[in-house]
Amino acid sequence: EDGYRLWLRYEPIADASLAKSYRSSIGPIEAVATSDTAKIALAELERGLEGLLGGELKRTGATLLVGTGDAKHIAKLKLDLSGLGEEGYLLTRHKKNLVIAANTDQGVLYGVFAFLRQLQTQRPLENLHVETSPKVDHRLLNHWDNLTRTVERSMAGASIFNWFDLPYYVEPYYHDYARACASVGINGTVLTNVNSNATVLRPQFLEKVAALADTFRPYGIQVYLTARFSAPVEIGGLETADPLDPAVIEWWTDKINEIYTYVPDFGGFVVKANSEGQPGPQSYGRDHAEGANLLARALAPHGGFVMWRAFVYDFEIKEDRHKQAYTEFTQLDGQFEPNVSIQTKNGAIDFMPREPFHPLFGATPETPHTLELQITQEYMGGDIHLVYLAPMWEETLEADTFARGAGSTVAKVVDGSVFGHELTAIAGVANIGNERNWTGHPMGASNWYAFGRLAWDHQLSSQEIADEWTRMTFGNAPDVVATIEEMLLESHQTVVDYSMPLGLHHIMYPGHHYGPGPWHDQGRPDWTSTYYHNASEDGIGFDRTATGSDALGQYAPEVVEKWGTPESIEDKYLLWFHHLDWDYEMKSGKTLWNELCLTYQSGVDRVAEMGQQWDSLQGSIDAQRHARVAALLKRQLEDAKFYKDACLAYFHTFSQRPYPAGVNAPEYPLEHYKNFELYHVPGHPGEQW
Ligand SMILES: CO[C@H]1[C@H](O)[C@@H](O)[C@H](O)O[C@@H]1C(=O)O
């Protein structure tokens with residue numbers, strides 16, 4: 001399977017004159033490789049150059065100088081590496097020599113990947129000067145992987161972590177996973193699902209965790225786990241998990257000390273507490289801070305930290321779900337230990353195709369936030385639909401919270417600069433499994449790649465990242481690059497348009513979350529589609545202004561002003577905050593009903609166009625990957641039509657207005673879509689085993 005190599009393909013550079021010029025700039029490598037990390041870096045560099053340019057004998061340039069500032073051959077260059085920190089690197093030219101330098105071997109490894117990326121994307125080396133260090137310290141994948149190897153919400157096969165064979169057998173592909181992560185700067189991985197039980201904390205499993213940690217360490221990847229709050233009861237034999245109970249405190253302290261005997265550089269925990277049925281401190285009349293601090297205090301002496309999730313809503317429904325996290329966490333600001341970060345999804349509901357940024361960003365000056373993004377496409381077609389997510393992440397990162405005046409973007413809250421936080425982290429829920437190409441959809445790898453790149457530098461644009469990934473993955477032929485880039489960059493808006501346009505949300509089919517279910521009433525409002533779209537003869541949309549749930553009131557006044565009226569808010573968030581008449585006149589001059597129909601239709605049309613664009617690349621891309629994407633685009637087109645038809649057929653029962661010209665009316669009556677329960681999805685990826 002050709003996709004296995006991801007973006008690290010190192011195919012020979014096809015352009016002969018470019019290859020020649022590279023060969024004349026890059027000669028033998030001078031490096032000191034004593035640590036495992038340095039050895040990996042050197043091997044990667046040799047492998048990359050060999051693949052891209054051919055063996056060393058073909059290269060005629062001056063010595064490529066690689067190493068840390070204290071190595072003799074680097075020290076004598078007198079480079080200023082003072083701004084690079086622990087992980088940054090410098091790519092530069094010193095007289096005739098090209099240089100890859102850093103303060104640590106880890107920085108050198110990142111520098112090597114970056115240097116190879118220059119060649120893979122065919123950038124000139126004449127004036128090479130790249131100096132960069134990560135804006136966020138902890139850049140993690142979160143695996144929603146269960147110990148049984150099922151994966152929640154991902155469709156790319158079973159979990160890559162083979163808990164059955166560990167620690168005896170360490171799969172060679174763990175190295176490939178770590179290498180891919182390191183190549184984009186990911187430096188942490190949470191091995192277990194936030195919904196996991198406590199089993200992984202048993203000694204027999206800690207041995208397995210240690211084997212993985214040992215494998216990942218030379219790639220600069222720290223291992224983290226999820227901590228089930230009721231572990232002291234489940235595996236510790238205690239009667240309570242009350243975070244203030246001395247026996248509980250002692251149990252966690254011992255457990256954490258024990259973990260560090262297995263994994264001396266263990267990163268810490270992610271915790272889902274008092275959410276969707278998970279146990280938590282509130283089960284004992286305590287609050288999130290008391291729960292988080294229990295773990296944080298025991299981790300602190302070892303340097304670990306806690307990512308306490310803000311994705312909280314529980315069986316007792318208190319208010320618009322949009323508001324709950326803000327209500328609970330703003331009250332606790334200032335009460336968390338310094339090694340606690342609140343892990344907050346990009347939006348306040350749940351990884352919808354598009355969400356306005358979460359109002360918690362900027363609202364807890366004393367407590368840092370780990371931004372949680374979803375790389376897996378839970379509500380966006382799983383590993384079947386082509387959706388490049390970086391534009392969506394960019395939208396969140398660039399959103400202005402106004403917490404300390406204009407320019408207090410979510411990115412700057414997360415990177416610590418708005419409130420001066422030291423602890424900075426960003427997490428992405430992984431989309432990989434044991435599919436031979438890791439992600440199922442060959443284009444899904446673009447999201448793994450983009451996550452790492454953005455976590456390192458949130459100022460990179462989604463366009464730049466798409467360009468890099470496309471060149472590295474499919475080659476530099478201009479038509480291939482231009483076509484794929486356009487497909488990628490428009491794909492997120494496309495999925496929004498054919499599924500939940502104009503600020504609609506949470507109207508997916510329950511369970512598998514793959515297809516539409518706007519008619520669904522699940523007996524509790526926070527899970528029910530009809531609650532979120534609120535369609536009736538009177539119109540559609542969720543009034544979250546002061547006349548409604550007033551979730552809008554949780555944002556800064558500047559945001560309230562912008563989003564507070566249907567006239568001033570961007571169309572893309574309109575129905576998220578406003579309930580409007582079907583005949584409401586949109587900015588385009590069309591009625592809301594007509595605009596809704598036309599937007600759904602344009603999403604479908606765009607998928608059809610993507611199919612044609614992809615067909616035009618036949619012969620320019622290897623047959624295997626071409627065929628797979630072509631086949632998936634066919635299914636995506638069917639699905640997009642189904643989504644549109646089901647939603648329009650349903651909304652039409654309320655609007656009772658004709659379909660505007662240019663919109664294909666649903667093929668079947670509403671019942672057809674309602675009865676299509678499983679929607680080609682064999683079970684649902686949320687299943688717990
Ligand atoms: C891991 O559980 C997930 C769950 O599958 C998903 O449907 C939900 O919306 O979000 C949860 C969460 O983020 O905790």
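One-based numbering, in listed order, for ligands and for the atoms of each.
When the shell of 6.0 Å around NZ of Lys323 is examined, it contains more than 12 heavy atoms from other residues, nucleotides or ligands.
Interface atoms of ligand 1 facing Val194, defined by a heavy-atom separation under 4.0 Å, are 1 (C), 14 (O). Per-residue contacts place Arg153 under 4.0 angstrom from the following atoms of ligand 1 (heavy atoms of the residue considered): 4 (C), 5 (O), 6 (C), 7 (O). Near Phe311, the atoms of ligand 1 lying under 4.0 angstrom from a non-hydrogen atom of the residue are 8 (C), 9 (O), 10 (O), 11 (C), 12 (C), 13 (O), 14 (O). With ligand atoms numbered from 1 in the order given, ligand 1 contributes 7 (O) to contacts under 4.0 Å with heavy atoms of His513. Residue Tyr379 approaches ligand 1 through these ligand atoms, each under 4.0 Å from one of its heavy atoms: 7 (O), 9 (O). Counting the atoms of ligand 1 from 1 in the order shown, those under 4.0 Å from a heavy atom of Glu152 are 1 (C), 2 (O), 3 (C), 4 (C), 5 (O).
Classification of the His138-Phe305 ring pair by plane angle, with boundaries at 30° and 60°, yields tilted. Below 30°, between 30° and 60°, or above 60°: for Phe161 and Tyr177 the angle between ring planes is above 60°, a perpendicular geometry. Aromatic ring pairs are classed by plane angle as parallel below 30°, tilted from 30° to 60° and perpendicular above 60°; the pair Tyr509 and His512 is parallel.
At a 4.0 Å heavy-atom cut-off, ligand 1 does not touch Phe351 at all.
Looking at ligand 1, you'll find an N or O of Glu378 within less than 3.5 Å of one of its N or O atoms. Considering backbone and side-chain atoms together, Glu372 places no N or O closer than 3.5 Å to any N or O of ligand 1.
Annotation: His492 is not in aromatic contact with Tyr388 [ring centroid separation under 6.0 Å not met].
Salt-bridge annotation for Asp550 and Arg544: absent, with no side-chain N of the basic residue lying under 4.0 Å from a carboxylate O of the acidic one.
Screening Thr226, Asn195, Asp314 for a side-chain hydrogen bond (donor to acceptor under 3.5 Å, both in side chains) with Gln278, the sole residue that qualifies is Asn195.
Within the structure, the closest approach of Arg309 to ligand 1 falls below 4.0 Å when heavy atoms are considered.
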Is there a side-chain contact (heavy atoms from CB on, under 4.5 Å) between Gln377 and His441 once you walk through the steps?
CA-CA 11 Å; Gln377 294 165 224; His441 201 303; 6.0 Å; no
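Considering each of Met508, Lys345, Lys272, the one bringing a non-hydrogen atom nearest atom 13 (O) of ligand 1 is Lys345.
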